[in-house]
*Asks:* 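I have a structure I would like to understand better, so I am pasting it below and will then ask my questions one at a time.
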Amino acid sequence: MPELPEVEVVRRGLERWVAGRTVDDVEVLHPRAVRRHLAGGVDFAARLRGLRFGTAMRRGKYLWVPLDEAVPSDDAGSSLLGHLGMSGQLLVRPAGTPDEKHLRIRVRFDDALGTELRFVDQRTFGGLSLHDNTPDGLPDVIAHIARDPLDPAFDDVAFHTALRLRRTTVKRALLDQSLISGVGNIYADEALWRSRLHYERPTATLTRPGTAELLGHIRDVMREALDQGGTSFDSLYVNVNGESGYFDRSLDAYGREDEPCHRCGTPMRRRPWMNRSSYFCPRCQRPPRTG
DNA sequence: TATCCGACCTGTTGGC
DNA sequence: TGCCAACAGGTCGGAT
């Protein structure tokens with residue numbers, strides 16, 4: 001499941017293997033893969049032809065590649081924006097390699113490197129689209145996405161203040177991409193377990209040291225996953241394994257229902273939560289008092 | 001305005 | 001064996 005560390009591995013792959021290359025041709029094989037490009041697949045392909053890829057950027061789980069126009073203009077330019085959703089992969093493959101079963105978009109380049117960029121996505125929650133940039137160089141449709149905790153400009157104090165003002169619970173807040181980006185269900189559960197916080201803890205009750213500790217654990221778990229995701233990278237494979245990350249072996253909470261807590265040995269529990277699951281230790285992560 | 005929650009999508013798994 | 005329901009979960013937009 002691509003979360004921030006996996007997306008960062010993909011970004012590094014794009015930076016290395018497609019930056020500076022010019023698009024020759026684009027095939028859109030599934031309309032849902034370009035649904036966020038409101039003008040449709042034909043327009044998407046036509047607009048991309050002839051543009052040169054810049055250096056891939058990332059915020060949270062969004063990736064984008066700034067596009068160099070043939071005729072430079074005064075505005076902030078445009079970008080190819082991508083989101084991997086739950087099962088998306090961006091692959092750099094030798095042209096002629098048999099198509100993947102769930103190949104959705106193919107981008108050919110006008111050089112002699114012999115490779116093409118493929119967007120493969122089983123569940124089609126992800127997609128690619130073209131957007132104008134804000135003056136900050138961000139695709140306009142993701143201007144509302146908060147910085148992620150690995151961004152040097154992430155403001156810990158402002159995050160704590162925002163949490164205190166919210167009338168919600170801590171896991172909901174962690175998954176709210178306008179507060180903090182890049183955290184998904186897996187790393188939220190991991191960071192909460194490390195922080196000994198129950199997922200339904202009201203954000204208004206978090207202390208400043210408590211928020212600092214939580215942020216520290218989020219960063220630790222992401223960096224550890226990034227270190228392991230990075231090891232799988234090779235020249236033609238620009239993604240991680242979407243089905244079972246290498247970080248699986250290191251998980252303390254996610255997916256460990258009925259298994260002993262790595263801290264106290266109490267069987268871990270799973271609770272349905274927001275159409276998904278929350279995993280926690282009933283002893284280390286006490287539910288908040290109600291009433 | 002802030003918050004909540006269902007829909008979207010498809011392959012896998014488990015129960016009957 | 002075959003069928004069906006449940007499950008996985010990031011994001012959006014409608015509902016409250």
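So that the names make sense, note that chain A is the first sequence line, chain B the second, and so on, each numbered from 1. None of the values given here were measured: they were computed from a predicted structure.
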*Asks:* Rounded to whole Å, please give me the gap between CZ in A/Arg35 and C1' in B/dC8.
*Replies:*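 From A/Arg35 CZ to B/dC8 C1': 8 Å.
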
*Asks:* How many Å lie between CH2 on A/Trp273 and C1' on B/dC4, as a whole number?
*Replies:*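 Atom-to-atom, A/Trp273 to B/dC4, this comes out as 11 Å.
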
*Asks:* Taking only side-chain N and O atoms of A/Thr168, does any of them lie within less than 4.0 angstrom of OP1 or OP2 on B/dA2?
*Replies:* no

*Asks:* To the nearest Å, give me how far apart CG (A/Asp121) and C1' (C/dT11) are.
*Replies:* 13 Å

*Asks:* Using whole Å, what does the distance between atom C1' of nucleotide B/dC9 and atom CZ of A/Arg36 come to?
*Replies:*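 Distance check: A/Arg36 CZ to B/dC9 C1' gives 16 Å.
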
*Asks:* Please confirm whether the shortest side-chain N or O distance from A/Arg172 to OP1 or OP2 of B/dC5 is below 4.0 Å.
*Replies:* yes

*Asks:* For the side chain of A/Lys61, counting heavy atoms from C-beta on, which of B/dC9, B/dT3, C/dT11 is nearest?
*Replies:* C/dT11

*Asks:* Select base, sugar-phosphate, or nothing to describe what A/Arg270 touches, counting heavy atoms under 4.0 Å on all strands.
*Replies:*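 Since only primed, P, OP1 and OP2 atoms lie under 4.0 Å of A/Arg270, the category is sugar-phosphate.
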
*Asks:* Test the A/Arg263-A/Trp193 pair against the cation-pi criterion, namely NZ or CZ under 6.0 angstrom from the six-membered ring centroid and within 45° of the ring axis.
*Replies:* yes

*Asks:* I'd like to know if A/Arg12 pairs up with A/Glu15 as an ion pair, taking the criterion as any Lys NZ or Arg NE/NH1/NH2 lying under 4.0 Å from an Asp or Glu carboxylate oxygen.
*Replies:* no

*Asks:* For A/Asp132 and A/Ser78, which I'm curious about, is there any donor-acceptor pair between the side chains at under 3.5 Å?
*Replies:* no

*Asks:* Compare side-chain N and O positions of A/His83 against OP1 and OP2 of C/dT11 and report whether any pair is under 4.0 Å apart.
*Replies:* yes

*Asks:* Does the cation-pi check pass for A/Arg104 over A/Phe119, that is, NZ or CZ under 6.0 Å from the six-membered ring centre and within 45° of its axis?
*Replies:*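 No.
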
*Asks:* When you compare the side chain of A/Val183 with that of A/Ile218, does any pair of heavy atoms fall below 4.5 Å?
*Replies:* yes

*Asks:* Does the C/dA8 base have a donor-acceptor partner in the side chain of A/Arg123 within less than 3.5 Å?
*Replies:* yes

*Asks:* A/Ile180 CD1 to C/dG10 P: how many Å, rounded?
*Replies:*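 About 14 Å, once rounded to whole Å.
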
*Asks:* So, is A/Lys101 near the phosphate of B/dT10, with a side-chain N or O under 4.0 Å from OP1 or OP2?
*Replies:* no

*Asks:* With a cut-off of less than 4.0 Å, is there a side-chain N or O of A/His102 near OP1 or OP2 of B/dG11?
*Replies:*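 Result: yes.
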
*Asks:* Of A/His30 and A/Asn275, whose closest DNA chain B nucleotide lies nearer the 5' terminus?
*Replies:* A/Asn275

*Asks:* Name the residue closer to the 5' end of DNA chain B, choosing between A/Arg104 and A/Arg276 according to the nucleotide with the nearest heavy atom.
*Replies:*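 Looking at DNA chain B, the more 5' nearest nucleotide goes with A/Arg276.
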
*Asks:* Whole-Å distance between C/dG13 C1' and A/Met274 CE?
*Replies:* 14 Å

*Asks:* To the nearest Å, give me how far apart CD (A/Gln122) and C1' (B/dG11) are.
*Replies:* 5 Å

*Asks:* In whole angstroms, how far is the P atom of B/dA2 from the CZ atom of A/Arg166?
*Replies:*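 The distance from CZ of A/Arg166 to P of B/dA2 comes to 8 Å, rounded to the nearest Å.
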
*Asks:* Verify the contact: side-chain N or O of A/Gln177 to OP1 or OP2 of C/dT11, cut-off strictly under 4.0 Å; return yes or no.
*Replies:* yes

*Asks:* Measure from the side chain of A/Tyr279, starting at C-beta and using heavy atoms only, and say which of B/dC9, C/dC12, C/dA8 lies closest.
*Replies:*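 Given the options B/dC9, C/dC12, C/dA8, the side chain of A/Tyr279 is closest to C/dA8.
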
